[in-house]
Novice: 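The structure that follows is given in the form of structure tokens.
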Amino acid sequence: LRPESLSRAHVSFDWTVLGFTAAAAVVCGIVFGLAPAIQSFRLDLNQSLKAEGRTSIRGRQRGQMLLVAGEAALGFVLLIGAGLMIRTFFQVQRVDPGFRPDHVLTFQIALPEVRYPNDMKREQFFRQLEKNLAVLPGVRALGASSHLPLDDFPNWYAAYWPEGTPVQEQNSTLADHRAILPGYFDSLGVSLIAGRTFDDHDDASNRKVVIVDEMLARQAWPNENPVGKKLSLEEFDNWNFVRTWAEVVGVVKHVRYHDLTRDVRGQLYLPYAQSSRPQLTFTMRTNGDPLALVDPIQREVSKLDKDIPLYKVRPMEAYVAQARAATRFTAVLFSLFAAVALMLASVGIYGVTSYSVARRTREIGLRLALGAQRIDILKMIVVQGVGLTVAGAAVGLLLSLVLTRFMENLLFGVRPTDAATFIVVSTILPFVAFLASYIPAHRALRVEPTVALRCE
């Protein structure tokens, strides 16, 4: 379940961790085993026998009740954490990345400098490959970019500024730069907001043009139409980065290139013919299974250059899933911890209630013999168990209000004090406590009063 980012870390079996865990288990077993034994040494036998069945039981159970309440408090905190992370995961699932990843195949091609030493040779190769691939059966749209969304390392970003910007403010704002083939936006399903996209006329022999995203447009020209404006930017020219001026011809929707949960920088797009790069990642929208076209693509590439392989061949949906993996992993971890905490709290409540009911069998028999209603006794026992949980949950609520603020960097679209999560968790714990208390109480009430009176 761990995401790829965690797989790169060195995570392995550790004897120190195992030894610590084993020691902690043994020490806990000894401490909680000795506690009742030590308590029994302090008992006055005569007083204990006289008090049997009346007051001594409550005294012995006080410590157990505190432990159960503590379990409920900690369980409440973990359930809140799990609830917040689960809600975050669903929020991330609903995030609009700015493009449509379904039915899109991506693959990368890198041209060696030895055989493709200049912009013209690289452009000729990619343009011819684009034409050959576009006519393959099942291809709906085809494009390419120097950087792919959610897989843009190493990134290409630089300063930009609109025409008329004072010298002291020039280099103050950064934007992601992308070199693309004309069909890129159609292949990824990126919406055009204003102006036009690139075409075959946007080459090195014509004026420099650029397409900006809505985020950059708001930053550079708030409340204005950016189409027709001039922009200073960086282009790639024969293995060098140089500055140039370009005219804005279109505005497109913002694409989340780096992270699904935050907008990092605005983006600007350059025609590949005016800013060629040694490698491109193709994006191919298909009618069916994208991976079914891998072999035909490789054959077309080999026709142009048999020594050029395909890199990073995978559906676009795989990149989106990878971007969500870290959030999903954290949500799963929190959920597992919360499930264990809920199980421990349930066992604790059930154990204490069951033990209490067993020790009070004679008392229950007396109550029934004197005319008490079974439903009243059931309420008495259940209220005790639920009361422990509610008390613990109240403490857990206060802890959660403090501790969840440390989770703020993990959350997206959810506040650390999300009311819905707190309400749901506040309902779950008492319900679990009700079940854990009801079962032993119901079992005890099936005993006949005469049998209960004879049991001691």
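Counting begins at 1 with the first residue of the sequence.
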Novice: Go through it in stages, so that I can follow the logic: the residues are Met407 and Ile80, the test is side-chain contact (heavy atoms from CB on, under 4.5 Å), and I'd like the CA-CA distance, side-chain angles, deciding distance and then a yes or no.
Specialist: CA-CA 11 Å; Met407 293 178 58; Ile80 289 292; over 6 Å; no
Novice: Show me the donor-acceptor pairs, under 3.5 Å and distance only, between side chains in residues 124-140 and residues at least two apart or in other chains.
Specialist:
{"unit_1": "Arg127", "atom_1": "NH1", "unit_2": "Asp200", "atom_2": "OD1", "d": "3.1"}
{"unit_1": "Gln128", "atom_1": "NE2", "unit_2": "Asn132", "atom_2": "OD1", "d": "3.0"}

Novice: Nearest 0.5 angstrom please: Lys230 NZ to Lys208 NZ, how far?
Specialist: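 Those atoms lie 13.0 Å apart.
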Novice: Against Tyr160, only a single residue in Glu234, Arg243, Gln219 fulfils side-chain hydrogen bond (donor to acceptor under 3.5 Å, both in side chains); can you say which?
Specialist: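 Of Glu234, Arg243, Gln219, side-chain hydrogen bond (donor to acceptor under 3.5 Å, both in side chains) with Tyr160 is met by Gln219 alone.
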Novice: Looking at Ala179, is its backbone amide N or carbonyl O close enough to the side chain of Ser146 to form a donor-acceptor pair, meaning the two atoms are under 3.5 Å apart?
Specialist: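 Yes; at least one donor-acceptor contact below 3.5 Å.
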Novice: Does the His177 side chain pair with the main chain of Ala175, one donor and one acceptor, at a distance under 3.5 Å?
Specialist: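 Answer holds: yes.
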Novice: Over 60° means perpendicular and under 30° means parallel, so classify the ring planes of Phe241 and Phe236, tilted if in between.
Specialist: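 Plane angle over 60°, so perpendicular.
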Novice: Strictly distance-based, threshold 3.5 Å: is any side-chain N or O of Thr404 a donor or acceptor partner for the main-chain N or O of Pro416?
Specialist: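 Such a contact is found between Thr404 side chain and Pro416 backbone.
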Novice: What distance separates Leu150 CG from Tyr257 OH, expressed to the nearest 0.5 Å?
Specialist: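 It comes to 9.5 Å.
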Novice: Within the side chain of Asp203, is there an N or O that forms a donor-acceptor pair under 3.5 Å with the backbone of Ala273?
Specialist: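 Not at all, since once roles are kept as given, no pair shorter than 3.5 Å links the two residues.
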Novice: Going through the checks in order, is the ring pair (Phe, Tyr, Trp, His ring centres under 6.0 Å) test met by Tyr269 and Phe185?
Specialist: CA-CA 10 Å; Tyr269 300 89; Phe185 296 128; 4.9 Å; yes
Novice: Which atom pair, heavy atoms only, marks the closest approach of Ser346 to Val432?
Specialist: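 What the structure gives for the nearest pair is OG-CG1, 2.7 Å.
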Novice: Under the criterion salt bridge (charged side-chain N to carboxylate O under 4.0 Å, His left out), I'd like the reasoning laid out for Lys303 against Glu300: C-alpha separation, chi angles, the key distance, then a yes or no.
Specialist: CA-CA 5 Å; Lys303 289 178 184 178; Glu300 294 298 329; 3.3 Å; yes
Novice: For residues 90-105, tabulate all N or O donor-acceptor pairs below 3.5 Å that involve a side-chain atom, not counting sequence neighbours.
Specialist:
{"unit_1": "Gln93", "atom_1": "OE1", "unit_2": "Arg324", "atom_2": "NE", "d": "3.4"}
{"unit_1": "Asp96", "atom_1": "OD1", "unit_2": "Gly98", "atom_2": "N", "d": "3.0"}
{"unit_1": "Asp96", "atom_1": "OD2", "unit_2": "Lys253", "atom_2": "NZ", "d": "2.3"}

Novice: Working to the nearest 0.5 angstrom, can you tell me the gap between Ile297 CD1 and Ser302 OG?
Specialist: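 Between Ile297 CD1 and Ser302 OG, I get 11.5 Å after rounding to 0.5 Å.
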Novice: Is the closest side-chain heavy-atom distance between Val212 and Lys229 below 4.5 Å?
Specialist: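 No, their side chains stay 4.5 Å or more apart.
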Novice: So if I apply the side chain to side chain contact (heavy atoms under 4.5 Å, CB included) rule between Lys312 and each of Thr106, Asp151, Thr281, which one comes out positive?
Specialist: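 Option passing the side chain to side chain contact (heavy atoms under 4.5 Å, CB included) with Lys312: Asp151.
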Novice: Surrounding CZ of Phe337 (heavy atoms of other residues, nucleotides or ligands, distance under 6.0 Å), is the total greater than 12?
Specialist: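 Incorrect, the count does not exceed 12.
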Novice: Quick one: closest heavy-atom pair of Leu192 and Val251, and the distance?
Specialist: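 It is CD1-O, 3.4 Å.
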Novice: Write down the atom of Ala159, the atom of Leu174, and the distance for their closest heavy-atom approach.
Specialist: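 The pair with the smallest heavy-atom distance is N-CD2, 3.5 Å.
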Novice: Please report the shortest heavy-atom distance between Val209 and Pro271, naming the atom on each side.
Specialist: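 Heavy-atom minimum between the residues: O-CD, 3.4 Å.
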Novice: Find the distance between CG (Leu181) and CG (Leu142) and round it off to the nearest 0.5 Å.
Specialist: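 Leu181 atom CG to Leu142 atom CG measures 7.5 Å (nearest 0.5 Å).
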Novice: Any side-chain heavy atom of Asp202 within less than 4.5 Å of one from Asn206?
Specialist: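 The answer is no; the side chains never approach within 4.5 Å.
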Novice: Strictly distance-based, threshold 3.5 Å: is any side-chain N or O of Gln279 a donor or acceptor partner for the main-chain N or O of Gln108?
Specialist: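 Checked: no pair found.
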Novice: Tell me if a side-chain donor or acceptor on Asn118 pairs with a main-chain N or O of Lys121 at a distance below 3.5 Å.
Specialist: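 Flag set: sc Asn118 to bb Lys121 pair under 3.5 Å.
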Novice: Applying salt bridge (Lys or Arg N to Asp or Glu O under 4.0 Å) between Arg256 and each of Asp176, Asp213, Asp263, report the one that passes.
Specialist: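 One option only clears the test, and that one is Asp263.
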Novice: Could you grab the distance from atom CZ of Arg265 to atom CG of Leu216, nearest 0.5 Å is fine?
Specialist: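 Those atoms lie 12.0 Å apart.
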Novice: Could you give the side-chain donor-acceptor pairs of residues 419-430 under 3.5 Å, partners two or more places apart or in another chain?
Specialist:
{"unit_1": "Thr421", "atom_1": "OG1", "unit_2": "Asp418", "atom_2": "OD2", "d": "2.7"}
{"unit_1": "Ser426", "atom_1": "OG", "unit_2": "Phe422", "atom_2": "O", "d": "2.6"}
{"unit_1": "Thr427", "atom_1": "OG1", "unit_2": "Ile423", "atom_2": "O", "d": "2.9"}

Novice: Got a sec: does the CZ of Arg415 have more than 12 other heavy atoms crowding it under 6.0 Å?
Specialist: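 Open.
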Novice: Please walk me through it: do Phe329 and Leu333 pass side-chain contact (heavy atoms from CB on, under 4.5 Å)?
Specialist: CA-CA 6 Å; Phe329 180 68; Leu333 277 186; 3.7 Å; yes
Novice: Please tell me if the side chains of Asp186 and Arg285 come closer than 4.5 Å, counting only heavy atoms from C-beta onward.
Specialist: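 They are not in side-chain contact.
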Novice: What heavy-atom pair brings Ala72 and Ala393 nearest, and what distance separates the two atoms?
Specialist: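 In this case the closest contact between Ala72 and Ala393 is CB-N, 4.4 Å.
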Novice: Mind checking the CD1-CG spacing from Ile211 to Leu231? Nearest 0.5 Å is all I need.
Specialist: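 Output value for this atom pair is 12.5 Å.
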Novice: Is there a side-chain contact between Leu270 and Val210, using heavy atoms and a 4.5 Å cut-off?
Specialist: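 Sidechains of Val210 and Leu270: in contact.
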Novice: In terms of the angle between their ring planes, are Trp161 and Trp245 parallel, tilted or perpendicular, with boundaries placed at 30° and 60°?
Specialist: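 Taking Trp245 first and then Trp161, their aromatic rings stand perpendicular (interplane angle over 60°).
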Novice: Do Glu123 side-chain atoms and Tyr272 backbone N/O form a donor-acceptor pair below 3.5 Å?
Specialist: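 No: the side chain of Glu123 does not pair with the backbone of Tyr272.
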Novice: Which atom pair, heavy atoms only, marks the closest approach of Ala144 to Thr283?
Specialist: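 Nearest pair, atom of Ala144 first, then Thr283: N-OG1, 4.1 Å.
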